[in-house]
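Let me begin by presenting the structure, written as C-alpha cells, before commenting on it.
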Amino acid sequence: MPRPILATVHPAAVQHNLERARRAAPDARLWAVVKANAYGHGIERVLEGLRSADGIALLDLSEAERVRQLGWRGPILLLEGVFEPRDLELCSRLSLWHAVHCDAQIDWLAAHKTQAPHRVFLKMNSGMNRLGFTPERYRSAWARLNALPQVDEISFMTHFSDADGARGIAHQVQAFHRATEDLPGERCIANSAAILRHGGEAEVRLDWVRAGIVLYGSAPDYPERTAADWDLQPTMTLSSRLIAVQRLQAGDSVGYGSRFTADAPMTIGVVACGYADGYPRHCDTGTPVLVDGVRTRTVGRVSMDMITVDLTPVPAAGLGSEVTLWGRAGNGALLPIDEVARAAGTVGYELMCALAQRVPVAVQD
Ligand SMILES: *Cc1c(COP(=O)(O)O)cnc(C)c1O
C-alpha cells in the first residue's frame, strides 16, 4: 500500500467558484488565471471546470503550450508578457495575447516578423511598482505600440497592491482611468479581491476581470471574510490517515524539540503528512485539523513526514482513521485552507502552490 497521503482536486468546485466570480462582476469577461500550474492544482485537472471562462491567463510559455495541447482554443494571455525576443515566435504560432510592461518588450515586437499582428495588454504601473509604465510614460508607450504593424489591438491593464486590505484600490483606479481616459481599447484591472469586493462597480470590473485565487476557493481577504462568507468551495483536499496512536501521561512530550507537553493523560494520533508533503512547518500546536471529519488540533512540531494530532475530541479514532489537513472530509465537514495558512503565518495561495511533488493527486467532484 502506498503511503496514505493524497491530494484531491475538485473540478466541480472550480466551476462553482468561477460562476461565483462571474456573479460578482456581471457582464465582464473573465480571465481564469492558471499560473503556477493552476495554483498547484494541475492545469489539466482544473481546465474542465474552467470551460466557461472567456480566456486563460498564465505566465509560463510552457503552460500556454500545455493549455493549447489540452484543446483550449480561446484566448490565452501571458500576464508578464514575453521574456526574450524569440518567445514572440511562440506567441505568433499559438496566437497568445501578451502583456507589454517595458520598453524592451516593445523593441522586441518592433523587430519581430509575423504574419498575424499580436493582441497586447499594455500594463500600467499605477502604484504597485513592480511591472508596467507609469501614468506619465503610458501614453508614449501606447503611441509606440500603436504605430507598429506587428500589433493589432491594444488593451489596458494594471494590478492592485491592496485590493484585499485597508488601503484599498481607489487611488490606483483613479490613476488608471485618468491616464487611459481617451485611449481606445478594452480594460482589465480587477483581481480576485477586487472582483469580490468591488465587482459591482462598473469602473472596476470594466471589460475583463482576472480571477485567480477566487477560483480555487480561498478568500483573498481572509480573515476579514471567509470562503464561506463569499460562497466559495474548496477545490483541493489534502488528506491522509493515522499511522500510529500514542497514549501520553501528564508530563510526556511530543516530537522534535519537545514542543508540546501533555498536562493530563491524553491520546494522540500520528498522521502520515509532513513538511515534505507541503504541509507548512510553521504550523505549531493548535493548528486545526479534521480526524474522521471531527475538528481537532495539531500538537507539537511538524516534522518532515509526520504530524501529531490531539484525539481527545475523537475517542473512536484509531489506526487508519481519515485525516483532513485542509479541504473536505469524507463526512462533508470542511476545513478551509485559509485557517491552516493563518496558523502558519501565510496565505492559502502559498499552501496550494507548495503541494509537494511526492503527493499523489486524484480528481473527484
Ligand atoms: C496572479 C495574478 C492575478 C490573480 O490574482 P488573484 O489574487 O489570485 O486573483 C491577476 N493579475 C495578475 C497580473 C496576476 O499576476
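Position 1 is the first residue of the sequence, and the numbers go up from there. Atoms within a ligand are numbered from 1 in the order they appear, just like the ligands themselves. We use all heavy atoms of the structure for the numbers below, so side chains are in, but hydrogens, waters and symmetry mates are not.
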query = Would Lys113 and Glu89 pass as an ion pair if we require N to O under 4.0 Å?
reply = no
inquiry  = Under 4.0 Å from a heavy atom of Arg210: which atoms of ligand 1 are those, numbered in the order shown and with their elements?
reply    = 9 (O), 10 (C), 11 (N), 12 (C), 13 (C)
ask   = Would you say Tyr349 touches ligand 1, if touching means a heavy atom closer than 4.0 Å?
value = yes
ask   = Counting both backbone and side chain atoms, is some N or O of Ala211 under 3.5 Å from an N or O of ligand 1?
value = no
ask   = Any N or O of Lys123 that comes nearer than 3.5 Å to an N or O of ligand 1?
value = no
query = Charged N to carboxylate O below 4.0 Å: is that the case for Asp292 and Arg241?
reply = no
ask   = Should the heavy atoms of other residues, nucleotides or ligands under 6.0 Å from CD of Glu84 be counted, would the total exceed 12?
value = yes
request  = Report the nearest protein non-hydrogen atom to atom 12 (C) of ligand 1: residue, atom name, distance rounded to 0.1 Å.
outcome  = His159 CE1, 3.5 Å
message = Checking a contact table here: which protein heavy atom is nearest atom 9 (O) of ligand 1, and how many Å away?
response = Ser192 OG, 2.5 Å
message = Counting non-hydrogen protein atoms only, what is the nearest one to atom 1 (C) of ligand 1? Give residue, atom name and distance.
response = Lys35 NZ, 1.4 Å
ask   = Which residue, Leu351, Val359, Thr287, Leu355, forms the side-chain contact (heavy atoms from CB on, under 4.5 Å) with Tyr279?
value = Thr287
inquiry  = Please verify the inter-ring angle class for Tyr216 with Tyr39; under 30° counts as parallel, over 60° as perpendicular, anything in between as tilted.
reply    = parallel
inquiry  = Any atom of ligand 1 sitting under 4.0 Å from a heavy atom of Tyr216?
reply    = no
remark   = Atoms of ligand 1 under 4.0 Å from any heavy atom of Tyr39, numbered from 1 in the order shown, are 1 (C), 4 (C), 5 (O), 6 (P), 8 (O)
ask   = Quick one: do Asp252 and Arg247 make a salt bridge, cutoff under 4.0 Å?
value = no
key: Check: Ile213 N/O within less than 3.5 Å of ligand 1 N/O   = yes
ask   = If you round to the nearest 0.5 Å, how far is CE of Met157 from CG of Asp207?
value = 13.5 Å
